[in-house]
**Q** 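Before anything else, here's the structure in question.
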Amino acid sequence: MASQMNQLFCSGLEVANFVVSSGLLKLSWAKILDCYGGFNPDELQNLGLSIKWKARQQANINILVFTTSPICTKSHLQDSKQLVSSTAFKESFPVFEFLCNNGNSFSIHKAAIALFADHFHELLQLKAECGRNSNSLIVTGHSLGGSVASLFTLWLLESLDISLAKRPLCLTFGSPLVGDKGFQQAISQRPAWNSCFLHVAATSKDSIPRLFIAPHDLNSMDLDSKSDDYKPFGTFLLCCEDGCTWSENPEAVSELLMAVETEDAGNEEWTVNVYSRIIEQLESMIVRKGISQVNEPILNSLRAGTTLQTEAIRIRNEQLLIKKLEELEEICMFNKGKAFDPAKKLNVIKIKMAELEWYKKVAKANETGYYDCYKKQLSRRDRDVIKHKKFLTNYWKEVVAQNERKPQKQLVYLRSRWLYAGTTYRRMVEPLDIADYYRDDGSNYVTNGRSHHYIKLEQWLEEDEKQSRFQFDTKKQNVDVILTDDSCFWAHVEEARLWCKSLKTADVGMISERVCLRQKLMEFEVYVMEQIKKYAVSSEIFLKGSSFMQWWKEYEMLIEPHHNSPLTDFIRNCKFQQYASGCLVLN
C-alpha cells in the first residue's frame, strides 16, 4: 500500500478509488478520532482556537494529524471568512512566496494562515523531521485542522524533489476552502501537487466545506471570480449517507457544494460522527462517474457523468445543475485541448530539427557553414529556415515558461530527454538568432539581445550533472558533426570582428582604447583555444567562407609579424584539418 501511494494518478477518480479501496481513508479518520479522544461538547463554547498535531505510524506509513482545540465548527468560522493577500504577509511571513511565480498573487483564509504562523517554529521542526523520514506520509486533518494540513503539505511539496522522494498525500475531512482563485491556480499549474490532495465533504450534514462559497445564480455562466471568492483545489469526494461522487474541476465542485440540500444536523459538533458513518459505508461503495441507470433511453457520456454526480448526493434544482455541470465540463475539456502539451508536438519538432540538420549539411558542402548561409539570406532555402526557426522557438519558449511555473525542486519535470532535446535546439537555433541580430547591426548580443529561454535552458543544463558530463572521447570522434557547445560562440566571433574594425579605424593617438581592444582580442584568442582543446567547437568554424575565418584574416592583418600564440600556431599550421578528423593531439 505504501508503494502505491507514490504512483502518479491520471485523474481524481483514481485518487479517490485508491484512497477508499486501500483503507487509507478509514485509517486517517481513525487517527483523527484518536486525537480528539473523547471530545467534550461543552468546550465548544470557547471561541478561541489553537492547532495541535500528532504523528502516528502504521506499518511503514507515517500519519500526521492536524486538529483544532476545541473542535472547530461552523460557529467558529461563520464570522471569519476574511482572506489575506500574499502581498500583505510577504514581508512578515513569506513561507508561501514560492506560489507567487511570474508575479501572480493569491489570498489565503486568514484564520488558517494565522494558526500556521502562530506555530511556525514548531512546524518548521516538524517539516525537518518529515524530510528525514523515508516512510510514506499521509497528512490529514478535520475542519480548520484540514486547512492547516493542506498548507503544511504544500510547504512540504515545495522542498521535495518529487522524482526522488515519496510524495505526501493530504486527506482532509470537512475542511473549509483555503484560498482564492489565485491560490487554486498556483496549485493547479503543478499537476504533481494537485493530485496530492483529496478533500472529503459530508455534503448533506456538514455546511463547513461550502461556508465560504459566494452564492450565485445557476443560470449564469460567468466564471470570472471576484477577488474575495474562495476556490477549491485538488480532488473532492462529496458524500452523503446515500452515496458519493467526485470532481477535480474547481468550478464544478463549487456548484455541487452550493446545490446540496444541507439538513439541520442539530448540534454542529456531532458532524464528527457523520464522517464516521459515511466512511464505514464508503468501504462497500463504488466511487462512480460516467455510468448511470437512468430513465432516458439515450445519454451521451458527458450527461451520464453529470447526472450521476447529482444522483449520488442530495441536490436541489437538479436539472438546472446538470445543465450547468455539462457546460462547465465542456469548457474544461476545451481548455485542456488548448493547453500546451510538449509531448504532442514532439514529432513535429523532430521533423523541424531534421530540416535544419539537412540545411546544415548543404551549407557545409558549400564551404560556408549554416550560420553564414543563414546570415546572408541568398536563397529561398535560407528563407525557409526562418519558418522552422520560428516554430521551434515558440515551442521551446512555451516549454521553458511552463517549467518556470514549477518550483525549483520540480525542474526535474524537464526530464533528461527534454533537457537533451532543448540543448540540441539551443545549439542549433541560437546561432541563427545571433545571425539575425548582427545582420541588423546589433552589438553585445549576450547582454542586450539574448532571449530568456536560451539562458534558462543553458542554466538547467549546467545544473544537470548527468548531461553536463558529456564524454570527451565521444566529442573527439564526432567533432566533424557536433554542434558547438557554446551556443553564443558566433556572438563572440561577431564581437571580435567589431573590435578588429574599431582597432583598424582608431586614431593612433587613442592609445588606451587601442590597448583595450587588443586585450579583448587576445582574450578572444584564449577563449577559442580553450574550446578547441575541449573539442567543444564544430569543425565548421574553419570553413573558408565562415565568419570565424573572416575574423582571422582581419585579425592577422592587425597583429605584429612576431605575434605568436597557441591559436595563431593552430591556424597558420592548418592544424584544424587534423582537428576535423579527430586526430589532433593537443597539449
**Q** Which atom pair, heavy atoms only, marks the closest approach of L123 to F152?
**A**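 Closest approach of L123 to F152: O-CE1, 3.7 Å.
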**Q** Do other residues, nucleotides or ligands put more than 12 heavy atoms under 6.0 Å from K127 NZ?
**A**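 More than 12 within 6.0 Å, yes.
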**Q** Indicate, with yes or no, if the rings of F96 and F116 have centres closer together than 6.0 Å.
**A**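 Yes: the rings meet the under 6.0 Å criterion.
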**Q** If you measure from the Lys or Arg side-chain nitrogens to the Asp or Glu carboxylate oxygens, is any gap between E513 and R518 under 4.0 Å?
**A**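 Salt bridge absent between E513 and R518.
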**Q** Which of these, T153, I138, L137, sits in a side chain to side chain contact (heavy atoms under 4.5 Å, CB included) with L64?
**A**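 The residue from T153, I138, L137 that satisfies side chain to side chain contact (heavy atoms under 4.5 Å, CB included) with L64 turns out to be L137.
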**Q** Please name the residue in the list R427, R426, E458 that meets the side-chain hydrogen bond (donor to acceptor under 3.5 Å, both in side chains) test with S487.
**A**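 Answer to the side-chain hydrogen bond (donor to acceptor under 3.5 Å, both in side chains) test with S487 among R427, R426, E458: R426.
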**Q** Would K520 and E495 count as a salt bridge (charged side-chain N to carboxylate O under 4.0 Å, His left out) here? Give the steps.
**A** CA-CA 10 Å; K520 288 180 179 179; E495 290 298 314; over 6 Å; no
**Q** Please determine which of E494, K360, K376 meets the side-chain hydrogen bond (donor to acceptor under 3.5 Å, both in side chains) test together with Y371.
**A**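 Of the listed options, the one satisfying the test is E494.
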**Q** Determine whether the aromatic ring centres of residues F98 and W155 are separated by less than 6.0 angstrom.
**A**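 No, they do not, as the ring centres are separated by 6.0 Å or more.
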**Q** Which pair of heavy atoms, one from H109 and one from L177, lies closest together, and at what distance?
**A**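 Shortest heavy-atom contact: CB-O, 4.2 Å.
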**Q** Within 45° of the ring axis of Y374 and under 6.0 Å from its six-membered ring centre, is that where the NZ or CZ of R381 lies?
**A**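 Ring-cation test returns no.
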**Q** Could you tell me whether the side chain of S565 and the main chain of T568 form a donor-acceptor pair under 3.5 Å?
**A**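 Side chain of S565 to backbone of T568: a pair is present.
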**Q** Would you indicate whether the side-chain heavy atoms of Y359 and C373 approach each other to under 4.5 Å?
**A**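 C373 reaches Y359 side chain to side chain.
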**Q** Would you verify whether the NZ or CZ of K575 falls within 45 degrees of the ring axis of F570 while also being under 6.0 Å from that six-membered ring's centre?
**A**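 No.
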